[in-house]
Structures are given as C-alpha cells and as structure tokens.
Protein chains: 2
Amino acid sequence: MPRTDRPGLSRDQVLAAALRLVDRDGVAGLTMRRLGAELGVEAATLYYHVPNKADVLNALVDRAVVAALAAAPPGRPADWPVWLRELAVALRAELLRHPNLLPLAATRPVVAPAGLASVERVAAALCAAGFSPRRALHLINIVATTVLGHTLAEAGHTPGHEDVSPDTEELATRIDRSGHPVLRAAVAAGLGRPDDDQARFELAMDALFTGLVARARPDA
Amino acid sequence: MPRTDRPGLSRDQVLAAALRLVDRDGVAGLTMRRLGAELGVEAATLYYHVPNKADVLNALVDRAVVAALAAAPPGRPADWPVWLRELAVALRAELLRHPNLLPLAATRPVVAPAGLASVERVAAALCAAGFSPRRALHLINIVATTVLGHTLAEAGHTPGHEDVSPDTEELATRIDRSGHPVLRAAVAAGLGRPDDDQARFELAMDALFTGLVARARPDA
DNA sequence: TTGACTCTCTAACGCTGTTAGACGCAGACT
DNA sequence: AGTCTGCGTCTAACAGCGTTAGAGAGTCAA
C-alpha cells in the first residue's frame, strides 16, 4: 500500500501533528501510534523522521518557548520595568495558548536551548538598563519562573487535564460544606471564578515588579 | 506460598514504599510491579489496598503538601510579612526534600483537598491581620505558586531527572561556545552554580514581599 | 538493467496498568 | 469436629505502550 499521493513526511509535519494531538487530548493522549494515525502512517514510520518520543516532546516545548519569547516587545533600556512586565504578560498569553503543554514545559529547564538567542536579547536590554549580567539573568529567571508557575496553576484546573482533579465548581461546593469559614467567605467573594486567575496573576505581577523596582534602586 | 510472617499489607505501607521508590528512581521509576517487588508482593496484590496508580500518586502529593504546610510556624497576625515569608521558606525546604515528587505536585491543584484545614489556618491568620478572605487566599496562592514554580525550576536541573535535560555544566559550556556575550558573562559571574538557585529564590522572595507589603498598605 | 536510496510496512520484544478467577489460610459458628 | 466466610495473595491474561529489526515497495541515476 504505497503512498504515492504524498511526497513523504517531514519532521515539521510530525511535530505539527503532535502539537495538534496534545492540544486536543493532552500529553497523555499523545501516542506514537495515534500520532502515526493522525498522519495516515504506521507508528514505526515516525522513527524515520524523529529519533524518539522524548525528542518530540522536547521539540514541542522548545518551539512554544521560542514563540513566547519572540512575542516580546523590542524593549528600550529606559523604563525596563514596564517593558519586562509586558514581556511577562506576553509570555503568559503565549503559554496559555497550549495549556496541555505546560506540565511539560514546567518540568524542563526554564530556557530551552533553542531559546538562548532570545534570552540573550532580553538580557542585553536589561544590562543596558544598568544591571549586571548575572543580575539580569536572575531577573529573567525570576519573571519566567513566576509566570510559568502561575500559568501552570491556572492551566491545572482547566478542562481536559486527564486525571480526576476536582473541577473548580466541585471544589467550591466541597469547601462550602467543609466548615472552613474563611475559605467559604473567600469563595463567596469570587475566589475561583474564571477571571480570578487573571486577577491573581496581575496582583502577583504588581507586587513582584513593585518589589523589583524598589530593590533595584540601591544596588542596581 | 502463604505469607505467614506478615499480618497483611496496609495502604500506608504501600504509600511509604511508593515514596521510597519515587525518591530513589523518580516518578518514571514507580511501577506497580516494582512497587509490589519492593513490598515482597505481586503487583496485582496492590489493588487490594489501593484503587489504582493515580490514587497512589495523588496521595503522595497530598501528604507532601500537608507536611509542608504543617511545617508552618504558628503565625501571629502582627508582622504577617515575616511570618508568611517564613512559611514560604519552610514550604520550599519541605518540597525540596522530595524533588522527584515536584513535577507531580506542580501539575495538580495547588492545594490538595486534605490540606484544606492547613490553608484555612493560614488564611485565618492573614484575615486577622486585616486582609479580606479573598485577598488572603490570593496571597497564599501567590506565595505557594511562586515557591512551587521556583522549587520546580531548581529541582528540574538536579540529578536523576530521567530525561536528557542537559546538566548545568554541559549547558554552561554550550553557552560559553555560543557567542552570547551577556550569557557568557553571567555564567562567569557564577550563574548556575549550586548556591545560585538559593540566591535567586531569596531575591525573588525579597522582591515579592517588598511589593506585597507596599501594595497592602493602601487598600489592605 | 542494475543499483542505490528513500520511505513505509509488518512483526515482534519487553514493558506498562489493570482485571478475573482461583487458592490457601484464619477465625467464627453450628 | 466440621463447615462457612472473608481476607489476602496468587497466576494468567488483556490491551496498549515505545521501540527495533528487517523486508519491501517506489523513484531516480548510471
């Protein structure tokens, strides 16, 4: 059963299909056999275009991180806080475009090798603002880690997260019955509602950047 | 071949063995068959004491989170920042005791059901300091998420993380060759060295709490 | 026509989580 | 003493996983 209609698969097609599968069914739904089926091909065939599954996952994360950092505004050294914060917001937005990929991204080194150039660019801008290279990278790492942590937490209680993590509503009712007055009051006040994640993220960013600016003054 | 020597397994023994296995071999090393072997029992036997593997993992995370929050100091309402920060430090220390468990903890809802009581306790203390319940839980979530994010990043590049994430040293030399001057300077200045994670975490906490305090003043 | 190269296939290996059903042992009841 | 009940464990098996080996089409060049 030859495939005369297609000129042959490519690594990019495999990765694209893999991302499609992850977006649709989650990381657990990505299987070499399913990935093959998605491309009209047997599972073993994939190994001609890709060394193994781990490489596929790594590549997906790599691409996502690069895309996220590429979305960064150019960045003038003056007023680095507003610019760095814009980067954080862009990073969050980009990461949330593929929520199912987040658990993967979080358990790998924060900066994928392919993203080094992007990091260098951001770091250089911070250095131009007066930070030492080490300090600049600390800042980048802090912001990236914080964004990743919050994004991960947000995506954790969105649909399709395979395991039976109780959805927000069920958790809310359970809290309601559990006789914890403060928790109950917080839920009644809107905790856990859809826009609550956004609000909390912004609060965290406000605090983080307020603190960063305050601490940057004395010792640059 | 009866087991006259042991009065029968218990769920707790299974969980303890599971944690032992995860600490030793990572999450990927935890297999029902291996878990059985660790207890001198066949894999199928485990299903008499435990519903399935997912439940084991959930229970492990639950316990870790509870232990971490239990390590929190009692917390007097006055000077909540130092106290909340102590909690953050304790949380980090506790989470780092089982680094291999972190990827699991990070992809689950931040607060495990069993830990609700602990959360309530912390939240109540914050409310006594003048925060609204919702605000108090936002604060807790922010601190917990930030700590988890940073801890996860730290544990990400510690040994035994199964996949081939380049270790720090190899990454450093790769950076050195890659012609990115700022990155190179940062590595030369000590970025990535063992105590660098700790330094970055403390910097992040300093900034976060400075900002939280500053923002708490106006609107409590 | 022959040869090499590219791409895909079938078949299989050892591993995984999980279920069904049988077996032996303990204690309680008759 | 005999019988029954239930607990704890076993063996055997299922479908699915990632991965490899080797065969076999198809295309292009000499």
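By convention in this document, chain letters (A, B, ...) are assigned in the order of the sequence lines, proteins followed by strands, and residues within each chain are numbered from 1. Hydrogens, waters and symmetry mates are skipped; everything else that's a heavy atom, side chains included, is used.
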Nucleotide C/dC7, atom P - distance to CG of A/Leu9 in whole Å: 10 Å
Interatomic distance, B/Tyr47 OH vs C/dT18 C1' [rounded to whole Å]: 5 Å
Any A/His49 side-chain N or O less than 4.0 Å from OP1/OP2 of C/dT8: yes
Rounded distance (Å) that lies between atom C1' of D/dT20 and atom CG of A/Leu46: 14 Å
Exam field: side chain B/Asn58 to backbone B/Ala54, donor-acceptor pair closer than 3.5 Å: yes
Side-chain heavy-atom pair B/Trp83, B/Leu126 within 4.5 angstrom cut-off: yes
Atom-to-atom span, CG of B/Leu30 to P of C/dT16 - whole angstrom: 11 Å
Whole-Å gap separating P (C/dT18) and CE (B/Met32): 6 Å
Value in whole Å for how far the P atom of D/dA21 lies from CG of A/Asn52: 14 Å
Which nucleotide in C/dG17, C/dC9, D/dC10 has an atom nearest any side-chain atom of B/Lys53: C/dG17
B/Asn100 (side chain) donor-acceptor with B/Val27 (main chain) under 3.5 angstrom: no
From C/dT8, D/dT9, D/dG18, nucleotide with atom closest to A/Thr45 side chain: C/dT8
Nearest listed nucleotide, side chain of A/Tyr48, among C/dT18, C/dA11, C/dT8: C/dT8
Rounded distance in Å - CG (A/Leu35) to C1' (D/dT19): 14 Å
Spacing of A/Arg34 atom CZ relative to D/dG16 atom C1', expressed in whole Å: 10 Å
Short side-chain donor-acceptor distance under 3.5 Å, B/Asp197 and B/His150: no
Selected nucleotide, minimal atom distance to B/Arg33 side chain, candidates C/dC9, D/dT9, C/dG17: C/dG17
